[in-house]
There are 2 protein chains.
Amino acid sequence: MTQTPPRPAAGSPAPRPVPTSTDVARLAGVSRATVSYVLNNTSAVRISEPTRRRVREAAEELGYVPHAAARSLRAGRTRIVLLPTAHVPVGPLYGHFLNELQWALRRLDYTVVQYASMGLDGDEAARAWAELRPVAVVSFGAVELTPQGVDVLKRSGAQAVITLGPQPVEGAHSLPVDQRRVGRCAGVHLVERGYRRIGVVLPEEPGPELFSGPRLEGVRHAVAGTGADVVPLPLARTEEAAGALAARWPGLGLDAVFAYDDEYAVLLLRALLDAGASVPGDTAVMGAGDLLLGRLMRPRLSTVRIDMEAGQHLAELVDRVVADPDRTPENRDLMAARAIHREST
Amino acid sequence: MTQTPPRPAAGSPAPRPVPTSTDVARLAGVSRATVSYVLNNTSAVRISEPTRRRVREAAEELGYVPHAAARSLRAGRTRIVLLPTAHVPVGPLYGHFLNELQWALRRLDYTVVQYASMGLDGDEAARAWAELRPVAVVSFGAVELTPQGVDVLKRSGAQAVITLGPQPVEGAHSLPVDQRRVGRCAGVHLVERGYRRIGVVLPEEPGPELFSGPRLEGVRHAVAGTGADVVPLPLARTEEAAGALAARWPGLGLDAVFAYDDEYAVLLLRALLDAGASVPGDTAVMGAGDLLLGRLMRPRLSTVRIDMEAGQHLAELVDRVVADPDRTPENRDLMAARAIHREST
DNA sequence: TTGAAAGCGTTACCAG
DNA sequence: CTGGTAACGCTTTCAA
């Protein structure tokens, strides 16, 4: 026997142990199997109505709630979808997308587990995730997933290992999401308008590197061969930092700037205006994300609009892959990016 | 119920079953018990170094990963902290707070499960949560938790049921977070400056009701007895809606407006300016949240700054309550609110 | 120092 | 139509 807690100190409110299906069965005067059948509405077996009622009443009276872990253990599979997350959100857009995905997954009856990857490397992380025996893992690049990591997950029972990112991972169902395209949109937009010395604002804060790097690369790519220059500009997300950058702006000799997202863009735009610069006359400013923020500035901020395929769609994809892991991967990029011309460029 | 046998169709690449501790034991030529001892570094038992090595190598070779559900089942407790979430985020601030909390909990080795409450009522939701046997539940008011719900959770093994909200829930460890204080700050601020016809912008979008209602109530409370009026103003978070509201503004006869958060405030502020109004001359505008957005507007947006006690602290509180469920609840309000005067009031 | 065995709560199978 | 029994993977007590 296990250590039956010998009546904890008097005064405790309810030292009652948590009721199990055995307790329900005993109270209803039936077997555990019958309890299971009744509570799960198993159609393959027919139980008499009086019995059903007795079982239901017993469960109600005891406040019985089935134990998900025991169920999974027996069933050999969970309904857990694991979402590895980075320390810091990389932007409002991403947060919104993640939220939508969670909601949609829950709606499909999955249990969403967010797993913060505390600086583990890809394989350590994969092993930690595998302990939960998730039926699916959807990775946004917070952790660099390796083919070995994917293998560990699949062997632990994951039916779907889905990665979103610029390049596919061997063994995983990889959906293309190429942040370079955001930069490319901006680069093309600016070059077409004749700008030739282009600054690119990169967040100094840790977190968005996985997004900001490729966006910079995208700008470089768009600009290649046009004779235009690209100058990386690290910037902290504060008014002071923006002011300092604006102060040394004339010395930089830039005629345009593309910022990691609209927040950084507006921060700098404001600082430039306050420093007496003319936008887009002296310098064009472009952001990304098409946030409310930018539309409310004057001049209105030109931006790269990013549409992530609705979380709803991704959730349905997860569900399909779980049901049929061998289906051929889809290749459409989940992210649509296009430049929106307003008044700041 | 599903009845798909775990036997995959022939031709599947790797139908290898997931390795268990039995497999490791067999390969290492020891018993399952020994495997458990070695892999968990059990200090009460000493295993010879050669044996340890054999076990470790076997585990490595097979790619063995322990099964969290089985472990919890045996242990009788999980490390799951359940976070009920609403459909839509109620604002950037809240999102940030939630993120910090998740990170801190993970750091304390908890498994964070976000549970979207799909329109379940308090007791249904509590039962659904209880299936996971969380060791703690931290509720932000996405679902109205009842004393019965709390009881179900506690009886299912939850050591800590923590609610954040205006009023305590019987049986739960309730931390005061009173959104009315935000409204009160704004109300006091506006009344002190002589404004007497105060509009309060409430989001038309579903989601923030649980926050916006109390904030409105707080304004009313602050204004009571001063002879000032309070007028609720539903507003969608779009430029069109704000424009429409600004168009009928003169007819409303308001001399000040407090918006649910800085986004709504700036939206309206911009629309008023574009309509030719003077701020704060004709109308004062105040927001909440102290977002970057408001600081970048001209005139700079007056706001109510809200500091949620760092998620870190809440995570540590959870950890303490889990360790000692009978500790006396803390009563300090987790939220600090104070008006910040800028240029728009 | 190691191994055998008893459960944890659930459901599937197969007798009654 | 119903109920006993075994098994899921793991930890831990007890015995060798």
Side-chain angles (χ1 to χ4, degrees), chain A residues 1-5 17-26 28-52 54-55 59 62-79 130-133 155-157, chain B residues 1-7 17-26 28-55 58-59 62-79 130-133 155-157:
Chain A
M1 298 303 294
T2 45
Q3 59 298 349
T4 318
V18 349
T20 72
S21 74
T22 304
D23 300 320
V24 177
R26 185 164 27 221
V30 299
S31 75
R32 302 211 313 281
T34 306
V35 172
S36 175
Y37 290 143
V38 171
L39 296 182
N40 292 313
N41 280 317
T42 305
S43 52
V45 182
R46 301 234 311 239
I47 311 277
S48 70
E49 199 44 54
T51 304
R52 301 185 97 89
R54 284 216 315 284
V55 169
L62 294 174
Y64 167 73
V65 174
H67 191 308
R71 198 201 298 260
S72 314
L73 186 57
R74 170 63 219 201
R77 62 205 147 70
T78 69
R79 293 284 290 174
E131 294 197 4
L132 298 177
R133 298 290 190 273
R155 292 193 44 176
S156 82
Chain B
M1 297 275 77
T2 49
Q3 59 271 42
T4 329
R7 184 56 56 218
V18 349
T20 72
S21 75
T22 305
D23 299 320
V24 177
R26 185 164 29 225
V30 300
S31 74
R32 303 214 313 285
T34 306
V35 172
S36 176
Y37 290 143
V38 171
L39 297 183
N40 293 315
N41 280 316
T42 306
S43 50
V45 182
R46 302 227 318 231
I47 310 279
S48 68
E49 199 46 51
T51 304
R52 301 185 97 90
R53 249 202 26 241
R54 284 216 315 285
V55 170
L62 294 175
Y64 167 73
V65 174
H67 191 308
R71 195 201 301 260
S72 315
L73 187 56
R74 171 65 219 203
R77 62 205 147 73
T78 68
R79 293 286 289 175
E131 293 196 4
L132 298 178
R133 298 289 190 275
R155 291 191 45 176
S156 82

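Chain A is the first sequence line, chain B the second, and so forth, proteins listed ahead of strands; every chain is numbered from 1. Atom set for the values below is all heavy atoms of this structure, side chains included, hydrogens, waters and symmetry mates excluded.
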Open item on the list: Checking the side chain of B/T78 only, and the main-chain atoms of B/S72 only, is there a donor and an acceptor separated by less than 3.5 Å?
Closed with: no
- [ ] Kindly say whether B/L62 contributes a backbone atom to a donor-acceptor pair with the side chain of A/R155 at under 3.5 angstrom?
- [x] yes
Open item on the list: When you measure from the side-chain N and O atoms of B/T51 to the phosphate of C/dT1, is any distance below 4.0 Å, counting only OP1 and OP2?
Closed with: no
Task: Under-4.0 Å side-chain N/O to phosphate OP1/OP2 contact, B/S72 with C/dC8 - done: no
Open item on the list: Just to verify, what does B/R26 make a side-chain hydrogen bond (donor to acceptor under 3.5 Å, both in side chains) with, not counting sequence neighbours?
Closed with: B/D23
Open item on the list: Please encode protein proximity along nucleotides 8-16 of chain D as a string of B, S and -, counting only heavy-atom distances under 4.0 Å.
Closed with: BBBBBB---
Open item on the list: From CZ of A/R52 over to C1' of D/dC1, roughly how many Å is that when rounded to an integer?
Closed with: 12 Å
Task: Rounded interatomic separation in angstrom, taking CZ from B/R26 and P from C/dA4 - done: 13 Å
Open item on the list: Tell me the closest heavy-atom pair linking A/A59 and A/V24, and the distance in Å.
Closed with: N-CG1, 3.9 Å
TODO: Please report the shortest heavy-atom distance between A/Y64 and A/L39, naming the atom on each side.
DONE: CE2-CD1, 3.4 Å
Are side-chain heavy atoms of [X] and [Y] found at a separation under 4.5 Å?
X: A/V18; Y: A/H67; value: no
X: B/R52; Y: B/N41; value: yes
X: B/N40; Y: B/R71; value: yes

- [ ] Report the end-to-end axis angle of the helix from C/dT1-D/dA16 to C/dG16-D/dC1; each axis comes from five terminal pairs, and the value is rounded to 10°.
- [x] 50°
